[in-house]
Amino acid sequence: MQKRSVLAAIMILLANLPVPVKVAGLRGFLIAVLSIAAMAPAQAQSNSGYDPRSWTYDAARNVLVSPSAPDQTSDGAVQQEWSAIPREIVHFSEAQPKGSIVIDTTERRLYYILGNGRALRYAVGVGKEGLEWSGRDTISAKKTWPDWRPPAEMRSREASNGRFLPVHVEGGPNNPLGARALYIGNTLYRVHGTNQPWTVGQANSSGCIRMTNDDVIDLYDRVKIGSQIIVRH
C-alpha cells in the first residue's frame with residue numbers, strides 16, 4: 001500500500017514538471033525515487049535528516065533534498081534566521097605544535113594552531129549528551145565529499161527510536177558528512193562538514209565534530225595527515 005502511494009505521488013509530480021526537466025532529468029529522477037520507494041518498510045517514515053525515504057525532489061536542480069531546510073526544523077516548526085559563526089584568529093597561549101588541532105567540546109570551538117601564540121578558531125557541533133568523548137590522537141586520513149556509512153551500532157540505536165538509517169549514502173551535497181572529512185586515528189570519529197550547517201554550535205552529533213562546509217574546506221586545506229588532534233570535554 002505504501003509503495004503504491006509513493007508511486008502515485010511520483011506520477012502527480014511528473015505531470016507538473018516543466019518539459020526540459022522531464023526530458024533532461026527524468027531517467028535519473030526515476031531511478032532515485034523508485035530505489036527509495038523499494039526501500040520503504042511498513043513503518044511510518046521518519047523526519048530525520050538522515051532518512052532518505054523522507055527526502056524530496058527539487059525539479060529545478062534535479063536533485064533529492066534532505067527534509068530539514070535552514071528555515072524549518074524536522075517537526076515542521078519555523079527556525080530563527082540562521083547565520084554562520086565566523087572563524088577568526090585568536091590568542092592561544094597553550095604550548096602545542098604548529099598545525100595541531102585542539103577541540104573544546106564544552107565551548108564548541110575548534111582551534112587550529114598557527115604558532116607564535118595564535119590559533120584559528122572555528123565553531124563546531126559536538127556529541128550530544130551521552131555521546132561525548134575526549135582524547136588525543138592523530139589525523140589518519142582526509143577525504144573530499146566522503147561517502148557516509150553509518151556504523152551498525154548507530155543504525156541499531158536510531159532504529160530503536162524509530163529512525164531507520166541507510167547503509168550507505170554516496171558523497172555529495174545531500175550527504176550528512178558534507179564537503180570534507182578528517183579521520184581521527186582508527187576510531188569511528190571524524191571532523192567533517194554537514195548538509196545542515198545551522199546545527200553547528202550545538203551538541204547534537206553522535207560524537208563526530210561538525211563544521212560548516214566553508215569552514216571544513218578551509219581547515220582541510222591546512223591540516224596534514226599525521227597532525228595531532230586533542231579533544232577535550
Side-chain angles (χ1 to χ4, degrees), residues 50 82-154 157 168-173 175-233:
Y50 298 130
W82 174 83
S83 60
I85 301 170
R87 57 183 177 266
E88 59 181 340
I89 295 176
V90 297
H91 177 68
F92 193 87
S93 60
E94 184 179 327
Q96 296 294 346
K98 181 179 178 180
S100 296
I101 295 172
V102 176
I103 298 170
D104 186 322
T105 60
T106 301
E107 186 184 356
R108 298 173 191 173
R109 293 295 184 268
L110 179 152
Y111 295 86
Y112 175 76
I113 310 304
L114 299 171
N116 298 320
R118 300 181 308 148
L120 188 54
R121 183 172 64 187
Y122 305 82
V124 295
V126 300
K128 55 191 171 185
E129 185 176 357
L131 296 174
E132 313 97 329
W133 64 282
S134 61
R136 182 190 298 260
D137 213 316
T138 59
I139 299 299
S140 56
K142 299 168 56 176
K143 293 185 180 180
T144 63
W145 293 108
D147 288 0
W148 185 53
R149 293 179 174 83
E153 178 184 350
M154 179 189 293
R157 182 176 66 245
H168 171 243
V169 178
E170 291 186 359
N175 189 300
L177 295 186
R180 302 288 187 272
L182 305 173
Y183 292 74
I184 302 176
N186 293 320
T187 73
L188 295 176
Y189 299 121
R190 63 206 72 177
V191 178
H192 64 79
T194 179
N195 62 353
Q196 297 178 333
W198 55 95
T199 64
V200 170
Q202 303 177 32
N204 51 16
S205 80
S206 293
C208 287
I209 306 301
R210 293 183 186 175
M211 307 177 73
T212 65
N213 281 335
D214 284 346
D215 278 352
V216 80
I217 289 171
D218 182 83
L219 181 67
Y220 180 98
D221 291 339
R222 299 173 185 274
V223 174
K224 294 180 171 58
I225 292 176
S227 296
Q228 172 184 256
I229 179 168
I230 300 170
V231 179
R232 293 175 178 152
H233 175 64

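We number each residue from 1, following the sequence as shown. Both backbone and side-chain heavy atoms feed into the values below; hydrogens, waters and symmetry mates do not.
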Exercise. Applying side chain to side chain contact (heavy atoms under 4.5 Å, CB included), run through Arg190 and Leu177 and close with a yes or a no.
Key: CA-CA 9 Å; Arg190 63 206 72 177; Leu177 295 186; 3.5 Å; yes

Quiz prompt | Test log, rule side chain to side chain contact (heavy atoms under 4.5 Å, CB included), inputs Trp145 and Asn175 | solution = CA-CA 8 Å; Trp145 293 108; Asn175 189 300; 5.8 Å; no

Exercise. Decide side chain to side chain contact (heavy atoms under 4.5 Å, CB included) for Val191 and Ile103; before the verdict, give the C-alpha distance in whole Å, the side-chain angles of both, and the deciding distance to 0.1 Å.
Key: CA-CA 10 Å; Val191 178; Ile103 298 170; 4.2 Å; yes

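Rounding to the nearest 0.5 Å gives a distance of 8.0 Å between CG of Asn186 and OG1 of Thr138. Going from atom CD1 of Ile217 over to atom CE of Met211 covers 10.5 Å, rounded to the nearest 0.5 Å. Interatomic distance, CZ of Arg109 versus CG of Asp104, reported as 9.5 Å (0.5 Å rounding). Atom-to-atom distance recorded for Arg149:CZ and Glu170:CD is 9.0 Å, nearest 0.5 angstrom. Between the CG atom of Asn195 and the CG atom of Asn213 there is a distance of 8.0 Å, given to the nearest 0.5 Å.
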Pairs under 3.5 angstrom only: tabulate donor-acceptor contacts from the side chains of residues 84-91 to other protein residues two or more places apart or in another chain.
from: Arg87; atom 1: NH1; to: Asp215; atom 2: OD1; distance (Å): 2.5
from: Glu88; atom 1: OE2; to: Arg121; atom 2: NH2; distance (Å): 2.3
from: His91; atom 1: ND1; to: Gly117; atom 2: O; distance (Å): 3.3

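The main-chain N or O of Val200 is never found under 3.5 Å from a side-chain atom of Arg210 such that the two would form a donor-acceptor pair. A distance-only check finds a donor-acceptor pair linking the side chain of Asp147 to the backbone of Gly171 [under 3.5 Å]. With hydrogens and angles disregarded, no donor-acceptor distance shorter than 3.5 Å links the side chain of Ser100 to the backbone of Ile229. A donor-acceptor pair under 3.5 Å links the side-chain atoms of Ser140 to the main chain of Tyr183, judged by distance alone.
Under the 30°/60° scheme for interplanar angles, the aromatic rings of Tyr111 and Phe92 are found to be tilted.
Environment of NZ in Lys128: crowded, with over 12 heavy atoms of neighbouring residues, nucleotides or ligands closer than 6.0 Å.
Annotation: salt bridge (charged side-chain N to carboxylate O under 4.0 Å, His left out) contacts involving residues 223-233, sequence neighbours excluded, comprise Glu94-Arg232.
Contact check for Gln228 versus Ile113: no side-chain heavy atoms found under the 4.5 Å cut-off. In this structure the side chain of His192 reaches within 4.5 angstrom of the side chain of Cys208, judged on heavy atoms. Under the 4.5 Å side-chain criterion, counting only non-hydrogen atoms from C-beta, Ile209 is not in contact with Tyr189. The side-chain heavy atoms of Lys142 and Arg180, taken from C-beta on, include no pair separated by under 4.5 Å. Counting heavy atoms from C-beta outward, Ile101 and Ile230 have side chains that stay 4.5 Å or more apart.
Considering all non-hydrogen atoms of both residues, Pro146 and Ala181 come closest at CG-CB, 3.6 Å.
Looking only at atom types and distance, the side chain of Tyr122 has a donor-acceptor partner in the side chain of Asp218 under 3.5 Å away.
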